[in-house]
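Values in this document were obtained by computation on a predicted structure and should not be read as measured data. Below, read A as the first sequence line, B as the second, and so on, with proteins coming before strands; counting in each chain starts at 1.
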Number of protein chains: 2
Amino acid sequence: MEDFLSAITHEGLAGRLKRLSDELLYSTRAYYKSTGLDIEPNWHLVFLLLERQEQMTITEISQELKMSHPGMVKIVNGMKKKGYLLSQSDENDSRKQLLSLSEKAKNLLPEFRRHWDAGIMTMQQLVEDSPHFLDELRNLELKFAESNYQQRTSENLKTL
Amino acid sequence: MEDFLSAITHEGLAGRLKRLSDELLYSTRAYYKSTGLDIEPNWHLVFLLLERQEQMTITEISQELKMSHPGMVKIVNGMKKKGYLLSQSDENDSRKQLLSLSEKAKNLLPEFRRHWDAGIMTMQQLVEDSPHFLDELRNLELKFAESNYQQRTSENLKTL
DNA sequence: TACATTTACGTAACTGGTTACACAAAAACA
DNA sequence: TGTTTTTGTGTAACCAGTTACGTAAATGTA
C-alpha cells in the first residue's frame, strides 16, 4: 500500500485518522444494511447509554458522548422516527425531554447485541497486535483536552 | 476526563477515532480562520500533491488521497473558486481535466507553508510521547486493507 | 419581586464526506 | 471497422457532524 499520507507522516496524520474513522463509519453502515438491521452506526452508543440509565435528556447524552447537542437532536429524531425512543417531558422542568427506550427497542436489543458483539470482536482483532494503541490514543485525547490543535499551532508559529 | 467511550474500550473505539479526527478538522478550520488564511483544512494535501507534480487529474488526486472522486470534485471546485487552481483539458484525452496551481497559489505557498510547519510541529508534539502510535496506526490501516469492518464482523458473527 | 443570567432544546445554514446514477470519450476486442 | 467495456468526470441525494442564532423555562440575585 503506497500511501502519500503515510509518507508525509505528521503532515498526513489528521487525514489518516479521518480516513480510518470514515472507513469504520461506512463499513459499519454497510454491515447493518447487509444484515438487515434497521439502525445507523451512531445509534449504538445511545442504545447503550439508555440501557444503563433508563431516562436521559438530550443534553446529558450529548455531553456523555462529547458531541454537540444539535448533532444529538438529529440522531434522536432519527431513532424516534424508527420507533426506538420514547420521550416524555420532565414534570419539574418543562424544557427537558426525558428519553427512554421503547418496547420495540428493548425487544430488539438482544439481536442488536449479537451484531455489536461481533463488531467488538472485530475491534479487538484489529488492535490485538498493536498493544499500545489504546493507551496512546488516550494520551492524544488528553493532550488535546489540555490544549487543542489551534492553540498549540498558534504557539508553535511564534517559534518559527 | 471521565469518558463513556473510553470506558467501553473496543466498543467505543470507532467513536473516539471519529471524535479525534473531527476535533482536528474543526480546530484546523478555526486556526485558518483566526490567522486569516483563506483555505480549508482539506486543501492542504492537494496543494502538496500539485507542488510535487505539476499537473494531475481529479481521478489521480482522489486515488492518491484515497478519497472518492465526487468528494474530490467538491474540493477542487472550492479551490478553483478561490483562484488557487487552473484546469486545462488534456489534448490526448478530452475527458481529463489537468489541474495545476495558479500563480496566486504559488505566491501564497510560502506563507501557507509557515502555518503548515507550525501544524506539523503540533502533530509531532502530540505523538512525541506515544512512540508506537504511528506504527500501530499503520498496522490498523493494513489490517483494514486486507479485510474491512464489514467482512470481519460478518465472519465473527458466525463464531458467536 | 423584578430583572438578569443560565440552561435546554430546536432550527438554519454550512462543510465534508459518501453511494448511485448518467454520459461521453477512450480503449479493447471480435 | 463496429461493438462492447472501461475510464474520467459530473450531478443528485443522502448522512454526519459543526457553528450561530433564537426562544422559553428555570435559576440566581439585587
| Does the side chain of B/E51 reach to within under 4.5 Å of the side chain of B/K106, using non-hydrogen atoms? | no
| Heavy atoms under 4.0 Å, any strand shown: does B/S68 hit a base, just sugar-phosphate, or nothing? | base
| said: For a 4.5 angstrom cut-off between non-hydrogen side-chain atoms, does B/E155 reach B/R152? | reply: no
| Closest-nucleotide ordering on DNA chain C, the 5'-leading residue of B/P41 and A/N77 | A/N77
| Any side-chain heavy atom of A/H10 within less than 4.5 Å of one from B/L134? | yes
| remark: Ordered by number, residues from residues 87-98 of chain B within less than 4.0 Å of DNA chain C (heavy atoms) are B/N92, B/D93, B/S94, B/R95
| request: Determine the interplanar angle of the B/F112 and B/Y84 rings, folded into 0 to 90°, and report it as parallel if under 30°, tilted if 30 to 60°, perpendicular if over 60°. | output: perpendicular
| task | Please state whether the phosphate of D/dG17, meaning OP1 or OP2, lies under 4.0 angstrom from any side-chain nitrogen or oxygen of A/N42. | result | yes
| field | Gap between atoms NZ and C1', on A/K74 and C/dC14 respectively (whole Å) | value | 10 Å
| said: In this structure, how many angstroms lie between the P atom of C/dC14 and the NZ atom of B/K33, rounded? | reply: 13 Å
| task | Find the distance B/Y26:OH to C/dT15:P and express it as a whole number of Å. | result | 11 Å
| field | Minimum-distance nucleotide (side-chain atoms of B/M67 versus C/dG17, D/dG8, D/dA16) | value | C/dG17
| said: Are the side chains of A/S89 and A/Q97 in contact, using a 4.5 Å heavy-atom criterion? | reply: no
| Would you say B/T57 reaches D/dT9's phosphate, i.e. side-chain N/O to OP1/OP2 under 4.0 Å? | yes
| note | B/I75 atom CD1 is separated from C/dT18 atom C1', nearest whole Å, by 12 Å
| said: Please report the distance, rounded to the nearest Å, between CD in B/E23 and C1' in D/dT19. | reply: 15 Å
| Is a side-chain donor or acceptor of A/S27 paired with a backbone partner of B/N148 at a separation under 3.5 angstrom? | no
| query | To the nearest Å, how far apart are A/L45 CG and D/dA16 P? | reply | 13 Å
| request: Could you check whether the rings of A/Y149 and B/Y31 sit parallel, tilted or perpendicular, using 30° and 60° as the cut-offs? | output: perpendicular
| said: Can you tell me if B/R29 touches the phosphate of C/dC14, counting only side-chain N or O atoms and a distance under 4.0 Å to OP1 or OP2? | reply: no
| said: Determine whether a donor-acceptor pair (one donor, one acceptor, N or O, separation below 3.5 Å) exists between the side chain of B/H69 and the base of D/dG10. | reply: yes
| field | Rounded distance (Å) that lies between atom P of D/dT18 and atom CD of A/Q150 | value | 16 Å
| request: Could you pick out which residue, A/V73 or A/K18, lies toward the 5' side of DNA chain C when each is mapped onto its nearest nucleotide? | output: A/V73
| field | Length of the CG-C1' vector between A/L25 and C/dG17, whole Å | value | 9 Å
| query | Given that A/W43 and A/P70 both sit by DNA chain D, which one's nearest nucleotide is further toward the 5' end? | reply | A/W43
